[in-house]
Protein chains: 2
Amino acid sequence: MNTGKKILIADDEPDILEILEFNLKAEGYEVATVKNGDQALEKAKTFQPDLIMLDIMMPGKNGIEVCNLLRMQPAFKKTLIIFLTAMSDESTEIKGLESGADDYLTKPVSTKVLSSKVSALFRRLTKESTGVVQVGDLMIDREKYNVSYRGEDIVLARKEFELLSLLASKPGKVFLRNEILNQIWGTEVIVGDRTIDVHIRKIRQKLNLDCITTVKGVGYKFEL
Amino acid sequence: MNTGKKILIADDEPDILEILEFNLKAEGYEVATVKNGDQALEKAKTFQPDLIMLDIMMPGKNGIEVCNLLRMQPAFKKTLIIFLTAMSDESTEIKGLESGADDYLTKPVSTKVLSSKVSALFRRLTKESTGVVQVGDLMIDREKYNVSYRGEDIVLARKEFELLSLLASKPGKVFLRNEILNQIWGTEVIVGDRTIDVHIRKIRQKLNLDCITTVKGVGYKFEL
DNA sequence: ATTCCGCTTAACAATTTGATAATACTATAA
DNA sequence: TTATAGTATTATCAAATTGTTAAGCGGAAT
């Protein structure tokens, strides 16, 4: 599993660095770590991360300063930045967001929160900036409501589109059948289990790609 | 740096208000903030904003209600409205667009997304109001109110013109039926679904081009 | 007053979509 | 191996959606 995303972490506490690095690598991210703000600024230039996690309290330049310096450079205008704060300090949180961070995390960081925030940010980035989900050669445009593979348009019916769109929104993630039902059919409508299968089948047929995997007894996942 | 544009923000969470206000002021906008829907309606009259950002979930009148009330008043027909939603809830998003909003933002709002969306909306506004839209060989002149294909004038009735004009304003984008109704007929008037079809048909007939695609169960899109 | 034109709707046809049942298949555990 | 649970496939029917035509209405122009 490799997401192809690079994350730079700056924190002066070795324990934190280790925990974050371990977990994020396990999620398929490429990770670099540094111990203070100045190193963060340097490393950011060479490493070109997609996401930077900055501890607020660091010796030398603190996280907020680093963030401001980064945001001044055009190369990091679009880079995601998450602050790490020792406690849920509200004023700090606001200062963080004001200085151009995209989110914040409070320490100690639970692995669940960590991975969900990180993946949510990446998802949001691709979704909001373009409205287009792209996985490999497959493009899903929610606004234009079309799907194309290597430039070739593929016509999907509404439910098929929504289903594929959902699965592809988080490649690799296994969507439980219930999750799919709730997302696409809502809680009011009740349809049989076979219905999902049939739609999945139609998508597979139309895409003619081996990209939707069945996880028996669990659900489906999308992966190219 | 001063854009001369006024933005009104309505949200019950002080943190959000503060962050948005700070960032938008930094971008050169004049900002006013209110804490609920009723205040938003009042303030809108005196402040005459160019853009209104409405939280969907607010005590008293919610954002969607406020939007509908605003859109009923001629003074706010052209005002830009953005919804703020707590989560990336797609059904809310669609409801928002259907009720006449121009865009939506999911909270927490990254500063990057915020400024890009806002400036994009203003850009679109000035573009549309001055409007000569050209897509391939097709020209739509909003001021002269005429359409021509390869120099040849095509006479369209008002509704037909507006409909084509709307669809062509964003080629490729699928316009939901409700979106179309809100944009062209407004929220007060209620017309049947067939009405849209008939106008679409007439446009297709008159243009004699295969440029309006039906996306069944979703809406229509324009593409040459 | 009459005619023309644009807008809307009703009515029906045509089409597409979605859901289900019935059946076949497949991996796994007993 | 066989039983079993879960999934795949297929055909079919009902429902949803859209296309088309014609007709009615009302305002503007003649």
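These values consider heavy atoms only, across backbone and side chains, with no hydrogens, waters or symmetry-generated copies. Per chain, numbering begins at 1; letters A, B, ... match sequence-line order.
A:Arg204 meets the salt bridge (charged side-chain N to carboxylate O under 4.0 Å, His left out) test with no other residue; sequence neighbours excluded.
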Polar atoms only, N or O, under 3.5 Å: list the protein pairs with nucleotides 19-21 of chain D and their distances.
residue: D:dG19; atom: OP1; partner: B:Arg204; partner atom: NH1; Å: 3.1
residue: D:dG19; atom: OP1; partner: B:Thr214; partner atom: OG1; Å: 2.7
residue: D:dG19; atom: OP2; partner: B:Tyr220; partner atom: OH; Å: 2.6
residue: D:dT21; atom: OP2; partner: B:Arg201; partner atom: NH2; Å: 2.4

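Environment of CD in A:Glu18: sparse, with no more than 12 heavy atoms of neighbouring residues, nucleotides or ligands closer than 6.0 Å.
One atom, CG of A:Leu163, and another, C1' of C:dT17, lie 15 Å apart when rounded to the nearest Å. A straight line from CD1 of B:Ile196 to P of C:dC7 spans 14 Å, rounded to a whole angstrom. For B:Phe161 and C:dC7, the CZ to C1' distance is 17 Å, given to the nearest whole Å. We find that NZ of A:Lys206 is positioned 17 Å from C1' of D:dA8, with the value rounded to whole Å. Rounded to an integer number of Å, the gap from B:Tyr145 OH to C:dG6 P is 13 Å.
Distances shorter than 4.0 Å separate some side-chain N or O of A:His199 from OP1 or OP2 on C:dA19.
Remark: B:Ile64 CD1 to B:Ile81 CD1 distance equals 11.5 Å, nearest 0.5 Å. Rounded to the nearest 0.5 Å, atoms CD1 (A:Ile154) and CD (A:Glu152) are 8.0 Å apart.
Within 4.0 Å (heavy atoms only), A:Lys159 reaches sugar-phosphate atoms of the nucleic acid but no base atom.
For the side chain to side chain donor-acceptor pair (under 3.5 Å) test with B:Glu160, the passing option among B:Lys206, B:Gln205, B:Arg201 is B:Lys206; the others fail.
For the segment residues 178-193 of chain A, no residue has any heavy atom less than 4.0 angstrom from an atom of DNA chain D.
The side-chain tip of B:Lys170 does not point at the ring of B:Phe222 from less than 6.0 angstrom away and within 45° of straight on.
In this structure, B:Leu166 and B:Ile180 have side chains that are in contact, with non-hydrogen atoms separated by less than 4.5 Å. Contact check for A:Trp185 versus A:Lys159: side-chain heavy atoms found under the 4.5 Å cut-off.
On a pure distance criterion of 3.5 Å, a polar donor-acceptor pair joins the side chain of B:Lys216 and the base of D:dT17.
Along DNA chain D, the nucleotide closest to B:Lys202 and the one closest to B:Gly219 are compared, and the more 5′ of them pairs with B:Gly219.
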